[in-house]
There are 2 protein chains.
Amino acid sequence: MFKGQFIHSIDNKGRVSIPAKLRKYISPEANNSFVMTQGIDACIDIYPRDQWQTIEEKLLKLNTFIPKESRFLRLMLQNAHEDEMDGQSRIVIPQNLLEYAQIENEVLIIGALKKIEIWNPKVYKNYIDGSSETFEQIASEVMSL
Amino acid sequence: MFKGQFIHSIDNKGRVSIPAKLRKYISPEANNSFVMTQGIDACIDIYPRDQWQTIEEKLLKLNTFIPKESRFLRLMLQNAHEDEMDGQSRIVIPQNLLEYAQIENEVLIIGALKKIEIWNPKVYKNYIDGSSETFEQIASEVMSL
DNA sequence: CCACTTTTCCCCACTACACCCCAAAATAAT
DNA sequence: ATTATTTTGGGGTGTAGTGGGGAAAAGTGG
């Protein structure tokens, strides 16, 4: 499963190369294809095709006649975008997602098990520094189940 | 299970050799592969591949749509790194982990049952000396279950 | 329907670093 | 003392990451 962090550059065509260390964990069923969408915080979520499938199944269960569920579905899908890696293991990230994550010319790539997250390094630093709780506190809280 | 302590050197490529005494306890299922991550204190945790698996299974149960659980996942994985031993039974420790544990040119390797810990010897000495409680006090507290 | 512009896709090339192999030094065992 | 094993060091090579150019496709306007 995806783990670790990497600093990569993004060129003026919006291309980002997927780190080789992360590529090793992509199953062949994904067919070198990814679905990207806006993440829970100011980042871009990137799912291998097969992993996205399980999310899509959850979304299918939503009742679109209920306004809140309908709204959520729109928010999830409006910026969703599918793309394949090119010969150099890169994907193109569309403009609206780049703006959402406030990305400039450098990206922080974080492996998060089933998905890959793309951050502006500065934004990520603010996100991490922003919490008042320490790693130890959160760890004991979340993992003490 | 891992036990004992060892002083080894770390070269300018970030390589540390795993003590032969500890290698004996690594199960074949680990495939000579380790996952290293930031420890609870100023040290690096190193899990054989198979031991890490149980941690990963716990992490997979988190709901990444809940901000706090998402944050914890990021903190856990951002510095996680997988590597195999080379022909000389060494692993490469990435720069960010070395900085986290304030490691210079010598490391203290401690066997801790399921995992191996890597410390800067000086930092470890401060950590041990730093506690006001004696070994006897902590022992009676923790082991009286 | 055609001509033109713009964007997307694919291929080639350069650079740098990570990995692998070889080998010496040091420690432990016979 | 000799041999074996463990630990440490360094050098060459393949591959990962990056950038750019040209062909194809799509979009726009006359």
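In this text the structure is predicted, and so the values were computed from the model without any measurement. Atom set for the values below is all heavy atoms of this structure, side chains included, hydrogens, waters and symmetry mates excluded. Numbered from 1 within each chain, the chains take letters A, B, ... in sequence-line order.
Rounded to whole Å, atom P of dC9(C) lies 7 Å from atom CG of Asp83(A). One interatomic measurement links the two molecules: CD1 of Ile93(A) to C1' of dC9(C), which rounds to 17 Å at whole-angstrom precision. Distance, Phe6(B) CZ to dT8(D) C1': 17 Å, rounded to whole Å. For the pair Glu106(B) CD and dT7(D) C1', the computed distance is 13 Å after rounding to whole Å. Taking atom CG of Asp11(B) as the reference point, atom C1' of dT6(D) lies 15 Å away to the nearest angstrom. Nucleotide dG17(D) holds its P atom 11 Å from the CE atom of Met85(A), rounded to whole Å. The NZ atom of Lys24(B) sits 13 Å away from the P atom of dA28(C) (whole-angstrom rounding). Atom C1' of nucleotide dT7(C) and atom CD of Gln95(A) are separated by 13 Å, given to the nearest angstrom.
Between dG17(D), dT8(D), dC11(C), one nucleotide has an atom nearer to the side chain of Ser9(B) than all others, and that is dT8(D). The side chain of Lys13(A) lies closest to dG21(D), out of dG21(D), dC21(C), dT8(D). For Gln88(B), the listed nucleotide lying nearest its side chain is dT8(D); candidates were dT8(D), dG17(D), dC12(C).
Residue Ser89(B) has no polar side-chain atom (N or O) positioned under 4.0 Å from OP1 or OP2 of dT6(D). Remark: Lys21(A) is in phosphate contact with dC19(C), judged by side-chain N or O atoms under 4.0 Å from OP1 or OP2. For Arg23(B) and dT7(D), the shortest distance from a side-chain N or O to OP1 or OP2 is below 4.0 Å.
Judged purely by distance below 3.5 Å, without hydrogens or angles, the side chains of Ser17(B) and Gln88(B) never pair a donor atom with an acceptor atom.
Annotation: Tyr127(A) is in aromatic contact with Trp119(A) [ring centroid separation under 6.0 Å].
Contact annotation for Ile7(B): no contact, since no heavy-atom pair falls under 4.0 Å across all strands. Within the nucleic acid shown, Ile18(B) comes within 4.0 Å of sugar-phosphate atoms alone, with no base atom in reach, counting heavy atoms only.
Taking 4.5 Å as the limit, some side-chain heavy atom of Gln5(B) sits within range of a side-chain heavy atom of Leu108(B).
Nearest heavy-atom pair, Ile128(A) versus Arg71(B), reported as atom, atom and distance to 0.1 Å: O-NH1, 3.7 Å.
If you check distances only, the side chain of Arg90(A) does reach the base of dG19(D) with a donor-acceptor pair under 3.5 Å.
Positionally, the nearest nucleotide of DNA chain C for Arg15(A) lies more toward the 5' end than for the other of Asp86(B) and Arg15(A).
In Lys3(B), the NZ atom is crowded: over 12 heavy atoms of neighbouring residues, nucleotides or ligands sit closer than 6.0 Å.
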